[in-house]
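Have a look at the structure below before the remarks.
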Amino acid sequence: MPPSVVLVTGVSRQLGGDLAARLAADPSIDRVLGVDTTPPSRDTRRRMGRAEFVRVDIRNPLIGKVISTAKVDTVVHASLSGHPSASGGRSMMMEMNVIGTMQLLAACQKSDTVGRLVVRSTTSVYGASPRDPATFSETTEPKALPPGGYAKDAVEIEGYVRSFSRRRPDIPVTTLRFVNFIGPRADTAFAHYFSLPVVPMVLGFDARVQLLHHEDAVAVLERATMHDLPGVYNVGADGVLMLSQAIRRAGRLSLPIPEPLVPWVGRITRRARLVDFSPEQMRLLNYGRVVDTTKLKNEFGFEPRWTTVQAFDDFVAGRALRPVVDTDRVVGVGESLVLGAARRLPGFGGDTGPAQLDAPQDQTPALAPVR
Amino acid sequence: MGEADVIPLHGSGGRPRPRPTPRRRSLTPPPADVPGEPDVREDAPTANLPVPTGPSELERSVGEVADFLRRRLAGRYSVDEFGFDPDLNENVILPVLRPLYERWFRVETIGVENVPAEGGALLVANHSGTLPLDALMTVVATHDDLPTPRNLRMLAADLVFGMPGAGSIARKAGHTLACNPDAEALLGAGELVGVWPEGFKGIGKAYADRYKLQRFGRGGFVSAALRTGVPIIPCSIVGAEEIYPKIGDLGPIARLLGVPYFPITPTWPLLGPLGLVPLPSKWYIEFGEPIRTDEYEAGAADDPMLVFNLTDQVRENIQQTLYRLLSGRRNAFLG
């Protein structure tokens with residue numbers, strides 16, 4: 001049954017704002033309420049159309065009043081934030097994430113109109129370590145629990161959501177564990193990271209990266225809002241990019257940094273407001289994380305439109321990222337130089353080829369026969 | 001099983017045979033199996049090279065290297081969810097291992113027909129040699145010496161994946177953590193999976209215990225094979241025990257470095273980096289007859305007794321084959 005009054009948290013940020021805009025464009029929904037502590041940007045506001053903005057802090061019991069007076073029947077909690085500096089410091093971010101969720105859940109539990117809850121979570125709840133299997137399914141227990149920050153917030157939020165659904169088993173709860181978003185419009189830490197001309201990565205490590213196109217993320221939230229699909233789902237695109245490969249595809253240069261220096265570099269880029277990566281997210285750059293999305297496809301009924309590679313290429317094209325070095329050209333020049341040098345050699349066909357190449361031979365070397 | 005151990009000294013297939021397939025040496029891009037991937041070489045200047053008129057060997061190889069570099073530097077290749085990079089494996093990792101395989105250890109393979117050409121299969125082998133060169137050589141063997149080349153996907157210890165450098169190369173070569181979810185995912189996808197169930201107990205054993213199989217883990221590999229119904233192929237490797245004869249172990253240094261053992265060999269650490277050169281022993285890799293696991297009923301993987309029995313059967317099979325191969329060997333270095 002489609003909802004009639006939807007409340008979306010975190011509308012001043014991109015994902016919540018886009019979802020509110022998408023829902024407002026749907027005539028079958030009577031009212032769309034967007035809440036946040038700061039008003040959305042003028043652009044977001046214009047796109048949100050008939051959606052109403054209510055400036056309320058979800059940590060305040062006032063949120064319960066908003067839900068009861070508007071007779072909200074579907075709550076989409078999309079305000080989970082992983083950017084300490086954007087949310088006013090780490091402790092403020094934790095307040096908003098965890099205490100805000102507790103208040104919101106308390107209001108939903110009291111309400112007799114709410115009939116569906118959708119919670120945005122993250123695949124950071126799985127952590128990232130060398131002792132984890134290659135892909136995480138929804139039931140995989142993390143080997144190394146996230147030590148703090150964003151991931152720990154998400155783990156705690158999921159815990160409160162689980163106890164909420166124990167207390168109100170009549171309300172179907174959808175928990176969506178998203179991978180990192182990317183796309184031409186995506187305003188995420190990952191997008192900023194890959195826009196740096198020289199991209200730092202951890203020396204000796206090359207993470208597997210799974211991404212999700214921003215539009216797919218909004219579409220998944222919309223589907224969860226419109227239908228009763230209780231459960232926990234991993235949400236990510238098909239396919240994987242290696243971190244080094246992604247940097248090359250974006251035409252950036254990678255800068256390998258020895259592991260002990262990584263927190264320093266992270267702090268510098270945060271200070272310089274280049275990339276807002278929280279320290280625990282840096283671990284992702286070591287080991288990477290890939291999730292199994294079979295449940296999303298089979299039970300939730302959603303096929304991402306972009307693969308990881310396509311989403312990333314869309315991001316590169318949309319941001320008009322120009323390659324720092326034209327590698328095709330460099331290789332071409334090198335090739336003609338080597339060929340030119342070889343032609344001048346008397347024997348022509350000697351050993352001037354690059355070292356790693358084994359010139360094909362006519363037959364395999366004979367092995368010492370066994371007597 | 002309870003009777004006296006009769007070791008057939010000249011059993012079936014006991015003599016090495018010449019290699020069935022020629023080596024693959026050219027820098028070939030792997031088959032494009034990812035649909036979303038655009039044709040990576042449409043703008044590459046291979047077309048400019050006059051291929052049919054027969055350019056010189058050198059011109060062609062320079063062109064191949066240039067194509068390879070273009071592909072790599074622009075990120076135009078694909079990896080699977082385990083991080084396996086077939087392009088890199090084919091053109092860099094295997095060529096680096098090949099001289100060691102062909103010239104240094106002069107590996108001879110026996111029973112290659114026992115490895116299925118396609119579909120999931122679990123290769124179980126004995127582990128030895130202080131450093132896992134036996135595993136790397138088996139990767140080359142399953143790629144080069146089988147009638148149809150296969151990429152062996154090994155299951156490795158978590159220590160490997162936490163190590164800078166080694167971890168990321170292992171992932172790119174297609175290997176993954178030894179755990180049941182990964183093993184079952186790979187076997188279910190029809191891959192050839194390699195496992196060395198003795199683990200550190202096998203690879204780090206003293207030279208005096210050579211060719212004595214250690215405990216075969218907890219039989220996790222058998223339950224993975226039972227769940228996916230794939231055959232188990234016992235694989236016996238002779239020669240790897242002699243490459244770094246471990247005559248001692250510096251426990252405190254090993255603990256300091258966070259590794260399971262710190263070996264002392266006749267040359268290491270006495271000769272410094274020179275001690276890292278493996279002794280050139282002559283190797284044999286024998287693939288035994290597949291042990292079927294698809295004939296058991298559904299819940300068989302949860303029957304510990306059956307799992308233990310199958311584990312023992314595989315272990316016994318490899319141990320017997322080792323004895324047979326050893327008895328046919330006159331000298332560790334000449335074969």
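Reckoned from all heavy atoms, side chains included, excluding hydrogens, waters and symmetry mates. None of these values were measured; they are calculated from a predicted model. Naming convention: chains lettered A, B, ... in sequence-line order (proteins, then strands); numbering from 1 in each chain.
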- Item | Engaged part of B:L177 at the chain A interface, taking heavy atoms whose separation is under 4.5 Å |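 Side chain of B:L177 only, per the 4.5 Å heavy-atom cut-off to chain A.
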
- Item | Exercise: do B:Y101 and B:D145 side chains pair donor with acceptor under 3.5 Å |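 Yes, B:D145 and B:Y101 have a side-chain donor paired with an acceptor closer than 3.5 Å.
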
- Task: Compute whether any side-chain donor of one residue and acceptor of the other, for B:E64 and B:N91, lie under 3.5 angstrom apart.
- Result: no

- Among all residues two or more places apart in sequence or in another chain, which pass the salt bridge (Lys or Arg N to Asp or Glu O under 4.0 Å) test with B:D80?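 So B:D80 forms a salt bridge (Lys or Arg N to Asp or Glu O under 4.0 Å) with B:R153.
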
- Query: Between B:E242 and B:K282, is there a salt bridge with N-O shorter than 4.0 Å?
  - Reply: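 The answer is no: the pair does not qualify as a salt bridge.
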
- Task: Provide the closest heavy-atom pair for B:L122 versus B:F221 in the form atom of the first, atom of the second, distance.
- Result: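 Taking every non-hydrogen atom into account, CD2-O, 3.3 Å.
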
Contacting region of [X] [heavy-atom separation from chain B under 4.5 Å]:
{"X": "A:I247", "answer": "neither"}
{"X": "A:R131", "answer": "both"}
{"X": "A:D132", "answer": "backbone"}

- salt bridge (charged side-chain N to carboxylate O under 4.0 Å, His left out) contacts in which one or both residues fall within residues 154-176 of chain B, not counting sequence neighbours: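 Passing the test, one end in residues 154-176 of chain B: A:D206-B:K172.
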
- Message: I need the contact set between residues 178-193 of chain B and chain A: heavy-atom distance under 4.5 Å, sorted by residue number.
- Response: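 Result: B:C179, B:P181, B:D182.
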
- What ring-ring contact (aromatic ring centres under 6.0 Å, His included) pairs are there with at least one residue in residues 127-148 of chain A, not counting sequence neighbours?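 Only A:Y126-A:F136 qualify under ring-ring contact (aromatic ring centres under 6.0 Å, His included).
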
- Should B:L326 and B:V238 count as side-chain neighbours, where that means a heavy-atom distance under 4.5 Å?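 A side-chain contact exists here, since the closest heavy-atom pair is under 4.5 Å.
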
